[in-house]
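Below is one structure, written out as structure tokens; the observations come after it.
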Amino acid sequence: MDKTVEMEMKLTIARRDLKKLLASELITATMIKGSLAKQELLTTYYDTASYKLTESGMAYRIRRNGKKYEATVKTEQASGGGLSARREFNMPLKKDSPAVSGFTELGLETDLEELLAGEELQKLFTVEVKREIRLLQVTPETVLEMAIDQGKINAGKQKEKIDEVELEIKAGTKADLLDFTAQIAAKIPIFIEPRSKFARGLHLLGNGEEHEIAKGRLKIDRGGMVQDELSKLMEYYGDRILKLQNRLLTDKNVLVQADKLLLPQFKHLQALLALIKPLLAEGEYDKIRKLLAEPTGTLDVLFRYKRLLMQWQLLHGTAGSTILQRPQLAEKLTEEIENILAEVAKQLEQGVYSHCIFKLLAWTEQSLWQNSYYVEVEQLAGCRVEDWYNMLKELDIKGEKIDEAQAKNILRVCEAIYYARRSLKIDRLSKTAWKDIKELYHRIQVLVYDVYSSKCLLNCIKGNNSRALYRDSGLLIGWRLQSMQSANTKALKAYGKVVEALKK
């Protein structure tokens, strides 16, 4: 690894959980003897009045550690999945005063004197922290520095608390860092801190934006090698899930939308996993699919119950209050939704999502996909689309009904094509074919979720002795069954259209 590159994982961990972690064998067995150190650091960040360095993707700081001063320039970071990688250039100073010469000799490509063009550096804000450091030999090849920071950012009248844990690679590999983070997540709840101290300080000054989840999709090189490009995509969606986890934990109003926000991210990961299935060693696909199943399953149940409530409200509005006099079913469904949301909140608080994503990312780095460095993304995608098309043709559905098992098989294949296409923009799918697949996906979703999905409703009312509740549930199930013929006809038509197109 380039010695000028700082690669670290920035985490937030509750104090009680951190105490538990430090006492665990995970730390005590890996800590290098005599490496424990404590520091009191005062860091001052600088820029010009016009923010020339910030606009150029750089941060300049002077750090005081005891009686020593060190100037550092950090370049714009690449980050994802809680991990950041930045180039860092350090130079000792004799006093607490900015110096801009000497960094090009260290490898910085930008001449700061030329960039600043005579403008003076001025103080932006300061960061005070008490730092506790341990060196951890996590594998024979990899040493991590674990730094526990407590302190505050002072930006004029604005202040913000710092309470975070950094894991930085001193020697070794990114794969070992991710794997060790996954091991921590298996023991205690952990969450990413996606913002650097510099970004947080800028935000306090009103010159930085609140950290948001990037919109749009990651563009990849479809002519690139499979493992390189698809690993980027897995990291991208994993990063989105970890950031959404933070958002849902802090905003209960957003938690209500957990299925809407998180399910598509997990489905993208599942589609990418299905895409690379032929390249994986025996058992690996099932292992990772199972890893994603716990959070995805809960979110899927939430989605189903919300659809039931929406349909009941629609039916209630259609039938009127004369027939459906009591709101018991709506209340029961709302109560069940709240219970599931509580379960989602519990999973979030326990770090289930963190464990899942860090385990996935560690696997992505460590696993050797067969022939992945001989196959381009577009080649694999084309082959897999053909495989999925053949799966649809082999179902060979005849008659006037798609049964539940067939519908679920079609849904599984369509979901893989749909989310893989959205991630990769696969050229092998023409606009017409893509339109037909989307139509089939939509129609089969209705069939699976709205016709063959009444088990949730039966589980919801199980053990209840209210006749009105059973009556209203029967009405809702009947209303759903009544729509079976229409839903089946539309799904069969969409399926037939896709299959006919595939035969040409």
Side-chain angles (χ1 to χ4, degrees), residues 7-13 17 20-21 24-27 29-30 79-84 136 138-139 141-142 144 146 165 167 169 172-194 227 230-246 248-249 262-277 279-300 343-344 346-369 372:
M7 186 172 287
E8 66 180 15
M9 181 74 68
K10 198 182 291 285
L11 305 168
T12 60
I13 303 175
D17 293 322
K20 179 182 174 183
L21 174 64
S24 73
E25 190 176 348
L26 196 58
I27 301 300
T30 59
S79 62
L83 192 67
S84 66
L136 309 175
V138 297
T139 69
E141 298 80 23
T142 300
L144 304 179
M146 181 182 189
V165 177
L167 294 170
I169 300 174
T173 67
K174 175 183 175 181
D176 286 340
L177 170 57
L178 287 166
D179 186 61
F180 188 72
T181 307
Q183 290 179 56
I184 293 175
K187 286 188 173 293
I188 60 170
I190 64 173
F191 309 94
I192 64 166
E193 173 49 83
Q227 188 150 6
L230 296 196
S231 291
K232 290 177 193 174
L233 276 171
M234 289 188 174
E235 188 173 277
Y236 172 76
Y237 290 112
D239 184 59
R240 292 175 71 85
I241 290 168
L242 292 172
K243 287 173 181 173
L244 281 167
Q245 174 178 246
N246 287 358
L248 268 61
L249 276 168
L262 285 165
L263 261 180
Q265 316 306 325
F266 277 107
K267 288 184 184 297
H268 274 291
L269 288 175
Q270 288 175 327
L272 292 171
L273 190 62
L275 189 75
I276 62 172
K277 185 177 179 181
L279 305 180
L280 302 182
E282 187 177 354
E284 280 204 308
Y285 172 80
D286 292 333
K287 180 177 72 175
I288 303 304
R289 181 87 183 181
K290 185 177 180 182
L291 177 69
L292 297 171
E294 181 180 358
T296 309
T298 306
L299 293 167
D300 191 66
E343 178 61 27
V344 172
K346 185 179 177 182
Q347 288 180 342
L348 292 168
E349 289 163 4
Q350 291 177 342
V352 170
Y353 290 71
S354 296
H355 176 245
C356 172
I357 296 304
F358 285 126
K359 191 100 174 169
L360 172 70
L361 296 180
W363 169 80
T364 302
E365 284 290 319
Q366 294 166 335
S367 178
L368 293 175
W369 306 349
S372 63

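Computed from heavy atoms alone, side chains included, the values below leave out hydrogens, waters and symmetry copies.
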What heavy-atom pair brings [X] and [Y] nearest, and what distance separates the two atoms?
{"X": "S354", "Y": "L242", "result": "CA-CD2, 3.8 Å"}
{"X": "L361", "Y": "M234", "result": "CD2-O, 3.9 Å"}
{"X": "E8", "Y": "L83", "result": "O-CD1, 3.3 Å"}

Once side chain to side chain donor-acceptor pair (under 3.5 Å) is applied, do any residues pair with Q270, and if so which ones, sequence neighbours excluded?
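Q270 satisfies side chain to side chain donor-acceptor pair (under 3.5 Å) with no residue once adjacent residues are dropped.
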Is the shortest side-chain heavy-atom distance between [X] and [Y] below 4.5 Å?
{"X": "Y353", "Y": "N246", "answer": "no"}
{"X": "Y285", "Y": "L279", "answer": "no"}
{"X": "Y236", "Y": "H268", "answer": "no"}
{"X": "T296", "Y": "L263", "answer": "yes"}
{"X": "K243", "Y": "R240", "answer": "no"}
{"X": "M9", "Y": "L144", "answer": "no"}

To the nearest 0.5 Å, what is the distance between [atom1] ([X]) and [atom2] ([Y])?
{"X": "T298", "Y": "Q347", "atom1": "OG1", "atom2": "CD", "result": "4.0 Å"}
{"X": "R289", "Y": "L292", "atom1": "CZ", "atom2": "CG", "result": "7.5 Å"}
{"X": "L280", "Y": "L368", "atom1": "CG", "atom2": "CG", "result": "11.0 Å"}
{"X": "L360", "Y": "F266", "atom1": "CG", "atom2": "CZ", "result": "9.5 Å"}
{"X": "L269", "Y": "L273", "atom1": "CG", "atom2": "CG", "result": "8.5 Å"}
{"X": "L348", "Y": "L262", "atom1": "CG", "atom2": "CG", "result": "7.0 Å"}

Indicate whether any N or O donor in one side chain lies under 3.5 Å from an N or O acceptor in the other, for E284 and W369.
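Per modelled atom types, E284 and W369 side chains form no pair under 3.5 Å.
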Any donor-acceptor N/O pair, Q227 side chain to S367 backbone, under 3.5 Å:
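Side chain of Q227 to backbone of S367: a pair is present.
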More than 12 non-hydrogen atoms from neighbouring residues, nucleotides or ligands closer than 6.0 Å to NZ on K359, yes or no?
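Count not over threshold, so no.
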Distance-only check: which donor-acceptor pairs under 3.5 Å involve side-chain atoms of residues 173-192, not counting sequence neighbours?
residue : atom : partner : partner atom : Å
T173    : OG1  : D176    : N            : 3.2
T173    : OG1  : D176    : OD2          : 3.3
K174    : NZ   : E235    : OE1          : 3.1
D176    : OD2  : T139    : OG1          : 2.9
D176    : OD2  : T142    : OG1          : 2.5
D179    : OD2  : Q183    : NE2          : 3.0
T181    : OG1  : L177    : O            : 2.8

Please determine whether a side-chain nitrogen of the Lys or Arg among D286 and K290 lies less than 4.0 Å from a carboxylate oxygen of the Asp or Glu.
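K290 and D286: not salt-bridged.
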Show, in sequence, the C-alpha distance, side-chain angles and deciding distance for L21 and M146, and conclude whether the side chain to side chain contact (heavy atoms under 4.5 Å, CB included) test is met.
CA-CA 12 Å; L21 174 64; M146 181 182 189; 3.9 Å; yes
